[in-house]
Amino acid sequence: MKSVNEILKQVYLSAKDLTVIIPDLKIEMARKYINEARTQMEIDNCFIPQTKQKLALTKYLKKKFKF
């Protein structure tokens with residue numbers, strides 16, 4: 001299992017990574033936050049990886065949660 005510092009150094013985060021950073025966060029809410037970040041990434045014309053597991057840029061989530 002990755003540590004919080006290792007996760008925050010990644011370029012992209014998944015919903016599961018977000019639940020590791022915020023232990024009280026449920027996976028459903030984490031997915032919602034990932035989708036919100038992806039929507040903002042689309043508005044800002046950022047690359048959105050098309051993978052089975054949805055990913056969002058770490059910097060968008062850091063800004064939202066003030067990590």
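The chain is numbered in sequence order, starting from 1. Worth knowing before you read on, the calculation uses all heavy atoms, side chains too, and leaves out hydrogens, waters and symmetry mates.
In the hydrophobic cluster analysis, where Ile, Leu, Val, Met, Phe, Trp and Tyr join through side-chain heavy atoms closer than 4.5 angstrom, Val4 is grouped together with Leu25. Val11 and Leu18 fall into different hydrophobic clusters, where Ile, Leu, Val, Met, Phe, Trp and Tyr are joined by side-chain heavy atoms under 4.5 Å apart, directly or via other members.
Of all heavy-atom pairs between Met41 and Phe47, the closest is CE-O, 3.3 Å. Nearest heavy-atom pair across Ala30 and Ala15 is CB-O, 3.5 Å.
Side-chain contact between Leu13 and Ile21 is present, with heavy atoms from C-beta onward closer than 4.5 Å.
Taken to the nearest 0.5 Å, the CG atom of Leu57 stands 11.0 Å off from the NZ atom of Lys62. Once rounded to the nearest 0.5 Å, the distance linking CD of Gln10 with CG of Leu8 reads 8.5 Å. Rounding to the nearest 0.5 Å places CZ of Phe67 at 7.0 Å from CG of Leu61. The CD1 atom of Ile34 lies 12.0 Å from the OH atom of Tyr12; values are rounded to the nearest 0.5 Å. To the nearest 0.5 Å, atom CG of residue Asp24 and atom OG1 of residue Thr19 are 11.0 Å apart.
Among residues at least two apart or in separate chains, salt bridge (charged side-chain N to carboxylate O under 4.0 Å, His left out) pairs with a member in residues 36-54 are Lys32-Glu36, Glu36-Lys64.
Residues satisfying the ring-ring contact (aromatic ring centres under 6.0 Å, His included) criterion with Tyr33, sequence neighbours excluded, are Phe65.
Remark: the Lys16 side chain and the Gln53 side chain contain no N/O donor-acceptor pair separated by less than 3.5 Å.
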